[in-house]
**Student:** 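Could you have a look at this structure, given as structure tokens, before my questions?
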Number of protein chains: 2
Amino acid sequence: MRRDSRLSRMLHVLIHMDRIDGAATSDQIAQMLGTNPVVVRRTMAGLRDDGYVHSEKGHGGGWVLTRPLSEITMLDIHRAIGNPAFFAVGVAVDHPECLVEQAVNSALGSAFEAAEKLLIEKFASVTLADLADEFDQRMAKIANKPTCELSR
Amino acid sequence: MRRDSRLSRMLHVLIHMDRIDGAATSDQIAQMLGTNPVVVRRTMAGLRDDGYVHSEKGHGGGWVLTRPLSEITMLDIHRAIGNPAFFAVGVAVDHPECLVEQAVNSALGSAFEAAEKLLIEKFASVTLADLADEFDQRMAKIANKPTCELSR
DNA sequence: GGAATTCGAAACTTTTGTTGTTGCGAGATG
DNA sequence: CATCTCGCAACAACAAAAGTTTCGAATTCC
Ligand code: FES
Ligand code: FES
């Protein structure tokens with residue numbers, strides 16, 4: 001099963017956007033992510049609808065953050081891209097008649113529920129500012145600093 | 001993303017097999033699961049290779065358990081079907097140069113790692129006998145007992 | 001006002017992995 | 001030998017993310 005990379009991509013972009021003067025075009029962002037501008041717009045649309053970014057058309061247009069990274073959590077972004085399912089494994093039938101299957105579903109369900117709870121707690125507890133700090137620490141540590149042209 | 005139902009299906013089947021006299025054919029199992037015998041053989045192949053079941057050809061043949069449910073954990077079955085990925089969400093690039101992306105991967109990675117650890121612990125701690133017990137409790141509780149013809 | 005940017009959105013195709021299907025071969029049983 | 005049953009290979013169907021093409025519309029620059 002293909003892994004959904006939207007959360008990872010959006011987190012990456014938002015932190016870069018915070019360090020960039022002015023707007024970032026979908027084209028620039030697409031190059032950062034190794035994809036194309038249409039995919040960027042599609043995914044960013046959710047963030048716009050939830051008020052984390054704003055987009056402007058025309059010359060000098062593009063995407064800008066509308067609130068500080070410290071006020072955005074990883075969970076916020078997961079929700080903004082549509083709350084995609086965390087798990088690739090699931091039950092065969094949702095509400096089975098078979099009592100064996102009910103018992104199996106119950107065991108699997110409680111395990112996944114606990115894991116999801118953990119994920120959600122973790123995601124809610126980490127702000128993008130935390131990630132930016134983590135980035136700064138990595139930046140300070142190494143001499144050889146790889147950055148693409150887009151992040152100045 | 002489509003959910004992988006193999007684990008759920010195999011757990012279901014194994015518990016039924018334990019309550020059935022003699023062998024269960026792929027055809028019978030397929031009817032239990034609402035699928036077809038080829039899919040059953042394909043999935044059961046992993047369990048056979050790992051020694052949880054044995055298959056016999058010809059008249060009266062089919063699948064039989066080769067060890068007690070108390071000696072099989074949910075984790076064993078997950079491994080037997082090929083250790084499919086638990087998560088549907090992942091990072092965009094595995095070993096990125098970009099330090100921002102590294103920071104993002106690190107945060108996502110540690111969250112998923114913790115969740116996976118929890119899942120694995122839970123799965124390792126539940127035997128199929130536990131699930132069978134759970135089934136018995138459900139069975140005892142209700143008057144109206146739905147079972148398909150196949151589970152006798 | 002016209003050209004160039006840039007987003008918005010619809011309508012595809014591609015990709016990747018599970019699931020479903022068909023067909024044939026090979027043992028086992030009676 | 002007829003029938004049952006698994007084993008295996010090859011392929012079609014399906015689902016969801018990702019990629020692509022092609023419009024239109026708003027904005028800015030000249
Ligand atoms: S994409 Fe992160 S430095 Fe260029
Ligand atoms: S499939 Fe579980 S009772 Fe028939």
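Quick note: numbers below take in every heavy atom, side chains included, and nothing from hydrogens, waters or symmetry partners. Below, read A as the first sequence line, B as the second, and so on, with proteins coming before strands; counting in each chain starts at 1.
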**Student:** Whole-Å distance between dT6(C) P and Q28(A) CD?
**Tutor:**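 One finds 8 Å between P of dT6(C) and CD of Q28(A), rounded.
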**Student:** For Y52(B), is there any backbone N or O sitting under 3.5 Å from a side-chain donor or acceptor partner on T66(B)?
**Tutor:**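 Checking the backbone N and O of Y52(B) against the side chain of T66(B), a donor-acceptor pair under 3.5 Å is found.
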**Student:** Do Q28(A) and I20(A) make a side-chain contact, defined as non-hydrogen atoms from C-beta onward lying under 4.5 Å apart?
**Tutor:**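 No - every pair of side-chain heavy atoms lies 4.5 Å or more apart.
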**Student:** Are any non-hydrogen side-chain atoms of V91(A) and E101(A) less than 4.5 angstrom apart?
**Tutor:**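 In short, these two side chains do not touch, never coming nearer than 4.5 Å.
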**Student:** Does some side-chain heavy atom of T43(B) sit less than 4.5 Å from a side-chain heavy atom of V13(B)?
**Tutor:**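 No; the side chains remain at least 4.5 Å from each other.
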**Student:** Can you tell me the distance, in whole Å, between the CZ atom of R3(A) and the C1' atom of dT15(C)?
**Tutor:**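 Atom CZ in R3(A) sits about 16 Å away from atom C1' in dT15(C).
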**Student:** Between T25(B) and dT5(D), does any side-chain N or O lie under 4.0 Å from OP1 or OP2?
**Tutor:**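 For dT5(D), neither OP1 nor OP2 has a side-chain N or O of T25(B) closer than 4.0 Å.
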**Student:** Check this for me, if you would: do D94(A) and R3(B) make a salt bridge, where the nitrogen-to-carboxylate-oxygen distance has to be below 4.0 angstrom?
**Tutor:**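 Salt bridge: no.
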**Student:** Given atom CG of D4(A) and atom P of dT15(C), what is their separation to the nearest angstrom?
**Tutor:**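 It is 19 Å, rounded to the nearest whole Å.
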**Student:** Taking CG from L47(B) and P from dC6(D), how many angstroms apart are they, rounded to a whole number?
**Tutor:**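 Value for this atom pair: 14 Å.
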**Student:** Can you check whether V93(B)'s main-chain N or O pairs, donor with acceptor, with N105(B)'s side chain at less than 3.5 Å?
**Tutor:**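 Such a contact is found between N105(B) side chain and V93(B) backbone.
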**Student:** Using whole Å, report how far CG of D27(A) lies from P of dG8(C).
**Tutor:**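 The answer, rounded to whole Å, is 14 Å.
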**Student:** Within residues 6-14 of chain A, find the residues that approach DNA chain D with a heavy atom at under 4.0 Å, and present them sorted by residue number.
**Tutor:**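 Those residues are R6(A), R9(A).
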**Student:** Does dC6(D) have OP1 or OP2 under 4.0 Å away from a side-chain N or O of R48(B)?
**Tutor:**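 R48(B) to dC6(D) OP1/OP2: no side-chain N or O under 4.0 Å.
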**Student:** Side chains of F112(B) and L119(A): closer than 4.5 Å at any heavy-atom pair?
**Tutor:**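 F112(B) reaches L119(A) side chain to side chain.
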**Student:** Could you encode protein contacts along nucleotides 20-30 of chain D as a string, one character per nucleotide from 5' to 3', using B for base contact, S for sugar-phosphate-only contact and - for no contact, with a heavy-atom cut-off of under 4.0 Å?
**Tutor:** BB----BBBS-
**Student:** For the pair made of CE in M44(B) and P in dT19(C), what is the distance, rounded to whole Å?
**Tutor:**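 The answer, rounded to whole Å, is 15 Å.
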**Student:** Check this for me: does any side-chain nitrogen of one of K117(A) and E113(A) sit under 4.0 Å from a carboxylate oxygen of the other?
**Tutor:**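 Not counted as a salt bridge, because no side-chain N and carboxylate O are separated by less than 4.0 Å.
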**Student:** Hey, are the side chains of I77(A) and L14(A) touching, using non-hydrogen atoms and a 4.5 Å cut-off?
**Tutor:**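 A side-chain contact exists here, since the closest heavy-atom pair is under 4.5 Å.
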**Student:** Just to confirm, is there a sub-4.0 Å distance from OP1 or OP2 of dA18(D) to any side-chain nitrogen or oxygen of S5(A)?
**Tutor:**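 For S5(A), the contact criterion (side-chain N or O under 4.0 Å from OP1 or OP2 of dA18(D)) is met.
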**Student:** Counting side-chain heavy atoms from CB outward, which of dC7(C), dG7(D), dT19(C) is closest to S55(A)?
**Tutor:**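 In terms of side-chain proximity for S55(A), the closest of dC7(C), dG7(D), dT19(C) is dC7(C).
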